[in-house]
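Report on one structure; see the data block that follows.
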Amino acid sequence: MFKRTHTCGQLTAGHVGQTVTLNGWVNAYRGHGHGLVFVDLRDREGVTQVVFEQGGTPDAVVEAGGKLRNEDCVAVRGVVRQREKANPKIHTGAIEVVVESMEVLSKTARLPFVPSDETNLPDEETRLKFRYLDLRRPRMQEIMRTRHRVAKITRDYFDAHGFLEVETPMLCRSTPEGARDFLVPSRLQEGMWYALPQSPQLFKQILMIAGADRYLQIVKCFRDEDPRFDRQAEFTQIDLEMAFADRETVLKTMEGFAKTLWKDVLGVTLPDFPRMTYREAMDRFGIDRPDTRYGLELVDISDMAAQTEFGVFTGALEKPRGVVKAIRIPGAAEKLTRKVLDGYSAFVQQFGAGGVPFARFVNGAFEGGVAKFLGPIADTLVERLDLTDGDVVVFGADAYGVCTKALGELRQKVAKDLGMIPEGAWNFLWVYDFPMFEHDAETGRYYSLHHPFTAPTAAETERFLAADPADIDTVESIVSDGYDMICNGSEIGGGSIRIHRQEVQKKVFSLLGLTEEQAKTKFSFLLEALSYGAPPHGGIAFGLDRLVMHMTGTENIREVIAFPKTMTGQDLMCEAPNVVDEDQLKELHVRSTADTAVTAS
RNA sequence: GGGGCGGUAGCUCAAUUGGUUAGAGUCCCGGACUGUCGAUCCGGUGGUUGCGGGUUCGAGUCCCGUCCGCCUCGCCA
């Protein structure tokens with residue numbers, strides 16, 4: 001009988017003398033001839049050494065033990081014994097189990113790789129193909145456990161704060177704006193399509209109107225866009241919404257949640273989160289999710305740059321919204337060689353900048369790079385950047401958007417390259433006061449910076465309702481009641497106070513270029529719902545995958561997802577996506593236009 | 001859609017400037033071994049160098065195409 005009495009992680013000196021049964025996989029084996037075999041048995045909870053030895057173990061069992069190989073799945077029964085020499089590396093190292101009987105539950109075939117061999121870990125492709133073997137590794141088990149704990153603490157925390165978990169549909173209608181939808185053809189409604197949710201945004205707002213008051217859901221979302229190291233087409237949100245709540249209430253509740261998570265999972269006590277406006281974040285850090293673990297802030301020197309004869313500076317200032325900004329890189333004069341700085345120029349070029357003008361500050365004077373142009377402003381530049389000997393200054397000179405983006409990205413690269421990011425630091429902050437809209441010159445229309453259901457701040461509402469769409473400056477100056485939670489330069493959550501007045505929502509739709517007719521067609525249910533006594537409400541959504549990435553120190557999102565997809569959207573284990581039968585397509589009223597054969601039959 | 005890096009034994013890697021029979025560790029198989037814990041020692045199996053084409057007397061190595069993986073720009077309200 002193989003039924004276990006203990007896990008492989010729990011036996012200690014206190015169990016000596018007990019007869020126990022363990023189930024698990026062979027993590028390693030060490031044979032010493034026919035009379036003595038050691039096997040390390042592993043399950044989710046740990047590793048225990050079991051011994052097959054002549055005298056204590058029947059001869060036939062010793063022989064069977066000698067045939068065990070890595071990853072065989074077995075049950076062993078035996079007596080716990082104190083070891084002569086303890087193994088301090090494992091929790092159960094004080095004891096071993098002398099095997100009396102064994103059942104091989106399942107013999108392994110030749111392994112594509114050995115999960116316990118951490119030094120010869122295969123490439124990710126192989127790990128994904130044999131994910132069930134990869135997930136057996138203690139590191140992956142630890143990540144899965146952390147993810148479970150995050151989900152559990154999330155439910156506990158919000159339950160305690162009066163939130164109700166409600167499920168929303170996976171088969172939704174496609175809505176304009178936002179990411180590309182995954183579509184599902186309808187069999188019953190010929191020619192019609194469902195979309196998988198990009199987020200349950202509208203449903204949770206409707207739940208507020210429906211009186212749910214406080215809503216929580218840990219939910220899969222789908223966005224058919226290209227993946228990144230921290231982005232997957234299919235991902236999980238912790239989705240939240242609160243009725244009768246202002247921004248302060250939402251931020252306090254969510255900040256408390258983050259603090260609870262970090263305390264309970266990592267034992268880290270987080271201080272109150274600083275807050276920063278979008279404008280300040282862009283000005284000082286060149287990005288809307290600043291990493292405040294290090295300096296390297298952007299400093300505007302446009303006024304000084306105008307006094308130089310440097311064409312790159314003066315040319316930039318002639319552009320609309322042209323600026324010149326500088327970053328002081330302390331003590332980097334020797335590290336940042338010409339070659340490295342040339343690399344930085346190439347780096348910023350992908351963001352539309354021309355290059356990275358630079359100068360070193362050595363022996364009280366600028367040298368190298370564009371030093372010769374800095375003469376007229378040398379003293380004031382030293383003062384404004386607070387330069388000391390051995391510093392390097394890099395510049396950005398362009399329209400505000402390009403300059404800010406380039407230096408913001410460069411700032412992060414420099415910090416990484418020079419090892420300026422402190423280990424173990426947790427810098428959280430809120431970014432708020434985002435613009436409602438951005439005007440795109442190419443398409444000649446406005447886009448929501450967050451999403452079209454984000455309310456303007458209370459102070460802005462009347463100005464917003466009165467805004468003339470033709471007055472781009474005014475429209476772009478309207479501030480929304482949105483907020484992002486940032487952790488170490490990564491956006492882990494974002495939300496807003498929502499529009500709960502129908503006329504405000506209609507105004508947003510009209511600014512986005514939706515005619516009244518289109519707005520009615522696509523969002524009639526929302527507009528209608530807003531007309532029946534909608535409460536003020538707001539919420540947020542956290543990226544569960546990213547939270548777990550931070551908490552486990554993993555470098556890509558696939559590590560924290562049990563069965564993730566590759567950069568080309570494939571599941572290498574089950575080989576999805578894949579072809580289907582012609583009959584299935586027919587039933588769904590769908591015909592493929594792909595060039596290559598795409599059906600199974 | 002654009003750019004970059006990578007693909008050699010089941011796995012991790014090596015292979016001089018383009019040069020003889022593509023090597024090592026590990027896994028696996030066989031043998032030895034009674035206190036190991038990365039056990040040790042001896043022997044063995046194992047290769048369409050991702051795939052297709054080209055250049056060359058000769059290609060793992062150079063060129064073109066293609067597939068796959070990762071990273072990145074665009075994209076991601």
Side-chain angles (χ1 to χ4, degrees), chain A residues 27-41 47-57 62 66-67 69-71 81 83-90 92-93 96 98 108-130 133-134 175-181 198-199 201-202 221-233 235 346-352 405 409 413 434 436-438 440 446-454 480 482 491 494 496 508 512 541 543 555-558 565-570 572 575:
Chain A
N27 198 56
Y29 62 94
R30 296 173 291 279
H32 291 259
H34 300 297
L36 181 67
V37 179
F38 296 99
V39 169
D40 294 340
L41 205 61
V47 171
T48 302
Q49 172 167 293
V50 303
V51 193
F52 300 78
E53 66 176 8
Q54 218 162 38
T57 309
V62 174
K67 287 182 178 157
R69 292 297 177 264
N70 292 319
E71 301 306 316
R81 178 172 73 187
R83 287 208 215 180
E84 290 170 19
K85 247 189 297 172
N87 180 358
K89 288 182 194 166
I90 55 177
T92 61
E96 62 192 3
V98 183
T108 182
R110 174 98 184 248
L111 294 163
F113 66 94
V114 185
S116 59
D117 184 1
E118 298 281 349
T119 55
N120 283 338
L121 201 63
D123 60 24
E124 205 180 350
E125 203 173 339
T126 309
R127 291 176 49 205
L128 290 175
K129 191 168 173 191
F130 302 95
L133 292 180
D134 190 41
T175 51
E177 307 279 316
R180 191 177 295 112
D181 281 324
Q198 296 181 25
S199 85
Q201 180 61 36
L202 292 176
C221 302
F222 305 86
R223 294 175 190 177
D224 190 5
E225 301 291 348
D226 288 2
R228 286 289 186 275
F229 78 97
D230 62 348
R231 233 170 59 190
Q232 184 108 153
F235 64 103
F347 176 76
V348 299
Q349 275 161 14
Q350 51 181 352
F351 306 106
K405 169 89 174 161
E409 296 290 339
K413 182 170 173 57
F434 292 87
M436 288 271 285
F437 302 99
E438 253 174 352
D440 182 56
Y446 295 103
Y447 290 87
S448 292
L449 212 77
H450 188 47
H451 58 54
F453 319 108
T454 303
S480 86
E491 184 199 325
S496 61
V508 170
L512 291 176
E555 282 171 6
N556 81 59
I557 193 170
R558 296 176 298 280
K565 293 183 174 56
T566 66
M567 299 295 274
T568 50
Q570 299 185 77
L572 297 180
E575 298 182 314

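Chain letters run A, B, ... following the sequence lines, proteins first, then strands; residues in each count from 1.
Taking atom P in both B:G60 and B:U20, one finds a spacing of 10 Å when rounded to whole Å. When the C1' atom is compared between B:U12 and B:U66, the two are found 27 Å apart, to the nearest whole Å. Comparing the P positions of B:A15 and B:C62 gives an interatomic distance of 13 Å, to the nearest angstrom. Taking atom P on both nucleotides, B:U21 is separated from B:C33 by 41 Å, rounded to a whole Å. Separation of the P atoms belonging to B:U8 and B:G52 is 16 Å when rounded to the nearest angstrom. The separation of B:U49 from B:A39, taken at their P atoms, amounts to 33 Å, rounded to a whole angstrom. Here the separation of B:G50 from B:A9, taken at their P atoms, is 8 Å to the nearest Å. Comparing the C1' positions of B:C29 and B:C68 gives an interatomic distance of 32 Å, to the nearest angstrom.
Not a single donor-acceptor pair under 3.5 Å links the side chain of A:Q570 to the backbone N or O of A:E575. The closest donor-acceptor contact from the side chain of A:T57 to the backbone of A:V98 lies at 3.5 Å or more, if one exists at all. Under a 3.5 Å cut-off, the side chain of A:R231 and the backbone N or O of A:D226 do form a donor-acceptor pair.
Phosphate proximity of B:C29 to A:R69: present, with a side-chain N or O under 4.0 Å from OP1 or OP2. Of the side-chain N and O atoms in A:R228, none sit less than 4.0 angstrom from OP1 or OP2 of B:C70. At least one side-chain nitrogen or oxygen of A:K85 sits closer than 4.0 Å to the OP1 or OP2 atom of B:U36. Within the structure, a side-chain polar atom (N or O) of A:K89 is placed less than 4.0 Å from OP1 or OP2 of B:G38. Between B:A39 and A:R30, a contact under 4.0 Å exists linking OP1 or OP2 to a side-chain N or O.
At whole-Å resolution of the value, CZ in A:R81 and C1' in B:U36 are 13 Å apart. The CE atom of A:M567 sits 10 Å away from the P atom of B:C73 (whole-angstrom rounding). Atom C1' of nucleotide B:A39 and atom CZ of A:F52 are separated by 17 Å, given to the nearest angstrom. Taking atom CZ of residue A:F351 and atom P of nucleotide B:G74, one finds them 7 Å apart after rounding to whole Å. Rounded to whole Å, atom P of B:C71 lies 11 Å from atom CD1 of A:I557. For the pair A:D440 CG and B:G74 P, the computed distance is 14 Å after rounding to whole Å. Going from atom CG of A:N27 over to atom P of B:A39 covers 10 Å, rounded to whole Å. Remark: P of B:C37 and CG of A:N87 are 9 Å apart, rounded to the nearest angstrom.
Remark: A:P122 engages A:F113, A:T126, A:R127 in a side-chain contact (heavy atoms from CB on, under 4.5 Å) (not counting sequence neighbours). Scanning for side-chain contact (heavy atoms from CB on, under 4.5 Å) contacts around A:K413 gives A:Y344, A:F347, A:D417, with sequence neighbours left out.
If A:D40 and A:K405 are placed on RNA chain B by their nearest nucleotide, the residue sitting closer to the 5' end is A:D40. Along RNA chain B, the nucleotide nearest A:D117 and the nucleotide nearest A:E409 are compared for position; the residue whose nucleotide lies closer to the 5' end is A:D117.
Note on A:T48: nothing from the nucleic acid sits closer than 4.0 angstrom, heavy atoms only. A:Q570 comes within 4.0 angstrom of the backbone, heavy atoms only, and of no base. Within the 4.0 angstrom heavy-atom criterion, base atoms lie near A:G31. Heavy atoms of A:L449 sit under 4.0 angstrom from primed sugar atoms or phosphate atoms, though from no base atom. Note on A:Y29: only backbone sugar-phosphate atoms sit closer than 4.0 angstrom, heavy atoms only; bases stay farther off. Heavy atoms of A:T568 sit under 4.0 angstrom from primed sugar atoms or phosphate atoms, though from no base atom. If you check every strand for non-hydrogen atoms under 4.0 Å, A:F229 touches sugar and phosphate atoms only. Note on A:D224: nothing from the nucleic acid sits closer than 4.0 angstrom, heavy atoms only. Residue contacts for A:R127: at a heavy-atom cut-off of 4.0 Å it reaches no nucleic acid atom on any strand shown.
Between the base of B:C76 and the side chain of A:R223 there is no donor-acceptor pair shorter than 3.5 Å. With hydrogens and angles ignored, no donor-acceptor pair under 3.5 angstrom links the side chain of A:Q350 to the base of B:U72. You won't find any donor-acceptor pair under 3.5 Å spanning the side chain of A:Q349 and the base of B:G3, going by distance alone. One cannot find a donor-acceptor pair under 3.5 Å joining the base of B:G74 and the side-chain atoms of A:R180.
Which of B:C75, B:C27, B:C70 sits closest to the side chain of A:D226 comes down to B:C75.
In this pair, A:H32 lays its aromatic ring flat on the base of B:A39, centres within 5.5 Å and planes under 30 degrees apart.
Expressed to the nearest 0.5 Å, how far CZ of A:R228 lies from CE of A:M567 amounts to 6.5 Å. Separating the CD atom in A:Q198 from the CZ atom in A:F235 is a distance of 8.5 Å, to the nearest 0.5 Å. Between A:L128 atom CG and A:D134 atom CG the span is 7.0 Å, to the nearest 0.5 Å. How far CD of A:Q232 is from CG of A:N556: 9.0 Å, rounded to the nearest 0.5 Å.
Across every non-hydrogen atom of A:E71 and A:S116, the tightest pair is OE2-N, 4.5 Å.
Between A:D40 and A:R30, at least one side-chain nitrogen of the basic residue sits less than 4.0 Å from a carboxylate oxygen of the acidic one, meeting the salt-bridge criterion.
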Base versus backbone protein contacts along nucleotides 5-14 of chain B [heavy-atom cut-off under 4.0 Å; B, S, -]: -----BSS--
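With a cut-off of 3.5 Å on both pairing distances, the Watson-Crick or G-U wobble partner of B:C5 is B:G69. Under the Watson-Crick and G-U wobble criteria, each requiring two contacts below 3.5 Å, nucleotide B:U17 is left unpaired.
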